[in-house]
Every structure is written in structure tokens, then in C-alpha cells.
There are 2 protein chains.
Amino acid sequence: MYYTIKWNGDSVSILDQRLLPLKEEYHTYTDFQSVADSITYMETRGAPAIGITAAMGIALAAKKSQAKNSNELKTELEKVLEIFAGTRPTAVNLFWTINRMRELINGNSDMAILKEVLEKEALAIYDEDIQANRQMGKNGSRFLEDGDTVMTHCNAGALATGGYGTALGVIRAAVEEGKKIEVIACETRPYLQGARLTTWELLKDQIPVTLITDNMSGHFMKEGRINKIVVGADRVAKNGDTANKIGTYTHSVLAKEHGIPFYIAAPLSTLDPETETGNDIVIEERSIDEVAFIKGVQIAPEGVKILNPSFDVTPAGNISAIITEKGVIEHPGGKGIMEIYSK
Amino acid sequence: MYYTIKWNGDSVSILDQRLLPLKEEYHTYTDFQSVADSITYMETRGAPAIGITAAMGIALAAKKSQAKNSNELKTELEKVLEIFAGTRPTAVNLFWTINRMRELINGNSDMAILKEVLEKEALAIYDEDIQANRQMGKNGSRFLEDGDTVMTHCNAGALATGGYGTALGVIRAAVEEGKKIEVIACETRPYLQGARLTTWELLKDQIPVTLITDNMSGHFMKEGRINKIVVGADRVAKNGDTANKIGTYTHSVLAKEHGIPFYIAAPLSTLDPETETGNDIVIEERSIDEVAFIKGVQIAPEGVKILNPSFDVTPAGNISAIITEKGVIEHPGGKGIMEIYSK
């Protein structure tokens, strides 16, 4: 069985998702900088998986530190936190993880104990994520009916999380309940997470999946071949506006046009009450080479101007429900996400 | 200066568009079957260019025929027409060309004269296309304002026609009138005509162009960075419903959502009063390898199910105007295209 990320006690093993679906290869890192690079260069990706990887990277930095006392260690770790904060700007789980680790760093003055609690916290973040995904699946599966064809975008699956997945977790839970579900996976240019990752993990689980290019989604909605849409999220603002992989907003407008329910599945760690609206979310711009080259093959002329925003923002009003491990926020448009915190 | 297709008297030269933008290579064919294959395998593409290529291929077949009399030649040519009719099913220009050639075949009983008139007709179809594009540009340029950023999908440019282009012809005409126009080109998966061809020909003309992936169009419309959309067409039904490259329908829904004018530019030969509505248009399904492989590089797992409709249908109601060489049909929704024939 494959895994996204694994803690080995004194190293971290990461599935190199850039090589999927052709090659299942794991890299084992014994230093935190390589773990940070694996986030930056998208060897691992997906908001929850980024959070877990950062947690393990920080625990690894503490464990491997040659610091002579706890003050020295804390100074070192502050730099480590900064390095992880700079890897990817949009996924809020990353900052949520960093804050959890920072609290422990501030709250522990014994060096040996600090190293230990950071390791435990990283493992707890990992375990909690898988549990959250399973609970999210249970909370969201009621929206999927026997016989549904469910479209998803990007990869919000086991590969984007500790395991099981957010959007794909909801689909997995429905399948486990005995519902017959077919999935349509949008390939998700430029990085092709749908073509490479979502299809790969659903084939492994023998859940029927059909791959389409992103620009086909409207056509198949018009043809009545898509019943529901479930996607993940990288950050959900206080008002319910949701940043997710570029293309999500387009699908949400099409869903509205065709009266197709559009669900977000995301753990509480992706909800960000500190961000008022979608306008306040920083959208990461990635290298234009991701658009100009596909696996090293050049598809655009030399020197052409290219834009590559990695995310877009779907307004809360286009979302039928936000599914979390703590409960479901139905029709977040106009009311936002705060009700989940009083549940 | 490049060209899409050229008649050499006893052969046809075709720019191999599959190699663009990295390589500008022309192939010269002395037999009609190779010309037909160049349409099937998309060495040349674009509804008007397909029509011209077929006309030249049919003229070539006549010229090269060893038939001993005109009856023998006509029997041969009937098979040739069938072969060309089977190359691509959606582009109506192909059938329009074939009908024009068939009328000449039926109307000429002298073998030498028939060969001559078929050659003349092929050249006339080519010349008329370029003239139509220039007139279309003049008719449509009034919709583009100085300072506009205009989005287009696929390639409806010089490379899709005899020269100048339909959608890009409208943009070229506006630029020739001194308007400052920037173009956003959607890459157009799976075949990447936008990334490979539209950018290439606009760079050659020094018209500012920015490449985006198809799934970014909604994001940039929401951001207010797209003022107009102009695309070509493969077939316009009597009621105004328009088949064009897959993804066009999605863009049209997004345009409606954001109040952005959405124009179709197409010659009369693309308008098909014989087809009542979009539901009657045959949508070509192409090889799934176009999705699974990009320039030979595999991007999807072995054995995954894939759908690859090459076109979609945009309802007339989503179209602000259909621009032809004979005039403009504004707001075709509810009234269709027949008014253009009485103009």
C-alpha cells in the first residue's frame, strides 16, 4: 500500500508525486531543508499534506539539532519555522501547523522535552488529519446518492492528506456505504494533479474514474452527465469564500448555471477565521515554466508572456455546503463559516 | 512569411502545425490520399483551412488521375469525395467544399475541362477565404475598443484559414485600425492549439499575447482582466447554436456570468442552415491518446478511462454576435442566422 508521507523516527519518507502515475518512488530525508524543498518543488502537495510534512520537517530539525541548550535550539527553530512558512503561501494548514509547533517551542524550556513534544505533535497532526478525513467522509457522504457521477478537480485525496482524502474521502465514504459512484476527474492544468494523481489513487481503490480535460466540464454538465461536484480547499475565509486549485471557480460558475450541487470538503485547519473574505487571500503565482513545459516538453513559443496563478477564489454563494470533520455548513453564502465553531 | 497551405500546380504544400511552435516545417504532397491524411492527423486544422485543403486535394486527385475518360474520372472522384468527407466530421466547411466540387464534377462532361475547373475552383475557394476573412475583420473590428484585452480559444487565425484568420482576423483588423489590443490565448487542451499556434502567429505579428491554461479564464474574467471574447466556429446551426473547439461553451457561460461580450467570427461557409439546432451537430470524438499523452509524454495512468469530445455547442443565447463576411448577426438567440441570407 502506498503512503503520502511517513515519519521514521529520525527521517521523513515522502512519495515523489511528480513521478506519478508512471513511477511510485519514495525519498527519505534526514535534514529539514530537504523536507522544506519537497514542499516548494511539489514533490508533495495538497494543503493538509503540506501541513503534515512541515510538522514532520520541524520535528526533524529539532531532533537533528546540535544546539547546546534550549535557547540555542529555539533560535534555530525560529529560522526553521520561517523557512517552512516560505514554502507555499496559499495553504493555510501550513501556517496552522507552524503556529501549533511555535506554541510548543514557546511553552517548553527543557531541550530534551521540547524535541520529544515536537515529534509527538507532528505525529498527532498526522493522525488527526486521517481521523478528520474519515469523519469528513461520514459527514459528507449523505450528499452523494447511489448512481451519482461526481466530478472533482485537482487532487483532494489520500495523496493530498495524511491518507483517505478530503473530497475523495467523501466519495470513498459513500462507496464504503455501498453506493455506486462514478468519478469524473478534471486533469487540472498546469500541474495535472487530476490526470496524474486522482486517477492513480482511484484506480488503486477500484473506484470507477474517467479523465477529462478541464475545459470539458461545462460540456458534460450541459449533457447531464455530472450530478455533483466535490473539491478540496486551500483556504476558506471567514465569509465562506474558498481558495482552491485554479479552475475551481470556473467549475463553480458552471455548476450554478446547471443547478449542480457544488461541495467543498476541508478540515477545520483549512478554515481561516482570520481571513475576512476571498479578497484577502494571497494567491500564489508559480513559475511560468509549469505552463510552457509539460514534463520537460516545450508547448509554447520561446518568450511568450504567460500567467500562472496557482489558485482562484470561489465565492461562498456558489458553494452548496462546506463539509468539515466537525459538521457541515450548508449554504455558506451570506453567513460564512463561524457557525461551525459553536457546534 | 509563413503560409498554411499552398497549391503548386501539381502538388500541395502544407505547414505541419503539429510541430509548431518549435519547428516551421512544410510537407509537399503529390497524391490526394496524403492530403486527406494531413486533415485526419491534424497536420493542418481549423474549419476554413480544412475546406481549402480538401478542395486542393480533390483538384490534385483529378489532375493526377490516369482515368481514360470522363466517366472513369467521375467514378474515381466520387470515391475521393467520400474519403475527404470521412476525414473530420464536425467542420461544415469541408462538406460545403465537397458540394461545390461535386457540382462541378456533375456539370462537366469533358475530362480536360473538368480537371481545369476543379483546379480553378480550389484556388477560388482559397482566395475567397482570405477575402472573406479580411471583410469579416472589417465587419467585426467595431466591437473591439482601444485598450481592450480580448480572450480567444483554440486557433481561429491565419493558421486555421487560407490566411488572416476569422477570430484573429477581427483582432488584426482592429489593430490595423490603430487600436491597442492585447490578447489572452487559452492553451486549448488537449491539442494545445492556443499554446502552440495562436501565440506563435500573434508573436509573428507583434500583437501582445499572454498564454493561460483553459481553467484560468473564469479567474481572469472575475478579476476584470478580460473585456471581450472572440472565437471561431466549426459549424453554426440555423438557430445560431455554434459548435466550436471543446471549452468554448464553458467560456461562454463564464462570459454571461461576468457580462463580457462573446463573439463568434465565421465565414458563411461555416453557417449551416441545413442543421436546425446544436443538438443536430455531430460532435467528433477523437483518440484518447490526445489526452493521455502530450507530445509523446504519458500524463495519465495506463488503462484509465478517458473522454475526448473535440467540440462543444454554445447556445445562440450565449452569443453577443456572429460576425461574417456578409454582415453581423447581433444577438442570434431566439432568431437564428437566416437574416444574413436576406441582407
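A note on names: the letters A, B, ... follow the listed sequences, proteins ahead of strands, and every chain is numbered from 1.
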Practice task
Measure distances from A:P21 to the heavy atoms of chain B and classify the residue's part below 4.5 Å as side chain, backbone, both or neither.
Solution key: side chain
Practice task
Pick whichever of B:I299, B:L203, B:D214, B:I212 has the most heavy-atom pairs under 4.5 Å with chain A.
Solution key: B:I299
Completion exercise
Counting heavy-atom pairs under 4.5 Å with chain A, the top scorer among B:P190, B:P315, B:G218 is B:G218
Problem - Heavy-atom proximity to chain B below 4.5 Å, by part of A:I306 - result: both
Problem - Lys/Arg cation over aromatic A:Y249: B:K222, 6.0 Å, 45° cone - result: yes
Practice task
Counting only heavy atoms closer than 4.5 Å, note whether A:E257 contacts chain B via side chain, backbone, both or neither.
Solution key: side chain
Exercise for the section: Would you check if A:F220 and B:L307 make a side-chain contact, meaning some heavy-atom pair closer than 4.5 Å? Expected result: yes
Handout entry: Candidate pair A:Y2 and A:Y26, rule ring pair (Phe, Tyr, Trp, His ring centres under 6.0 Å), full reasoning
Key = CA-CA 10 Å; A:Y2 69 93; A:Y26 298 86; 8.5 Å; no
Practice task
Check whether NZ of the Lys or CZ of the Arg B:K256 lies under 6.0 Å from the centre of the six-membered ring of B:F262 and within 45 degrees of that ring's axis.
Solution key: no
Handout entry: Cation-pi, B:Y191 ring and B:R18 (6.0 angstrom, 45 degrees)
Key = no
Practice task
Sort B:H153 into side chain, backbone, both or neither according to what part of it lies under 4.5 angstrom from a heavy atom of chain A.
Solution key: side chain
Practice task
Let me know if B:K245 has heavy atoms under 4.5 Å from chain A in its side chain, its backbone, both or neither.
Solution key: neither
Completion exercise
If you tally heavy-atom pairs under 4.5 Å between each of A:V209, A:I184, A:T188 and chain B, the highest tally belongs to A:V209
Exercise for the section: Find the one option among A:M216, A:K295, A:E302, A:Q298 whose heavy-atom pairs under 4.5 Å with chain B are most numerous. Expected result: A:M216
Exercise for the section: Select one option (side chain, backbone, both, neither) describing which atoms of A:E223 are under 4.5 Å from chain B's heavy atoms. Expected result: neither
Handout entry: Lys/Arg-Asp/Glu bridge criterion (N-O < 4.0 Å) met for A:R189, A:E187
Key = no
Exercise for the section: Determine whether the side chains of B:R45 and B:Q17 contain a donor N or O and an acceptor N or O closer than 3.5 Å. Expected result: yes
Handout entry: Note, B:L197 side chain near B:L20 side chain (heavy atom, < 4.5 Å)
Key = yes
Problem - Heavy-atom contact with chain B under 4.5 Å, split by part of A:L22 - result: side chain
Exercise for the section: Tell me, for A:F311 versus chain B, whether the close heavy atoms (under 4.5 Å) come from the side chain, the backbone, both or neither. Expected result: backbone
Fill in the blank from the handout: Checked B:L202, B:T210, B:V291, B:L192 vs chain A; the most non-hydrogen pairs under 4.5 Å come from B:T210
Handout entry: Distance-only side-chain donor-acceptor flag, B:E201 / B:N155, under 3.5 Å
Key = yes
Handout entry: Neighbour count >12 (heavy atoms, 6.0 Å) for atom OH, B:Y41
Key = no
Practice task
Please flag which part of B:I246 lies under 4.5 Å from any non-hydrogen atom of chain A: side chain, backbone, both or neither.
Solution key: both
Handout entry: Heavy-atom side-chain contact between B:K238 and B:T277 under 4.5 Å
Key = no
Practice task
Identify which part of A:D312 has an atom lying under 4.5 Å from any heavy atom of chain B, answering side chain, backbone, both or neither.
Solution key: both
Fill in the blank from the handout: Scored by heavy-atom pairs under 4.5 Å with chain B, the best of A:A292, A:A300, A:P309 is A:P309
Practice task
Please state whether the side chain, the backbone, both or neither of B:N215 comes within less than 4.5 Å of a heavy atom of chain A.
Solution key: both
Exercise for the section: Under 4.5 Å, counting heavy-atom pairs only, tell me which of B:V313, B:T248, B:I283, B:T314 racks up the most with chain A. Expected result: B:V313
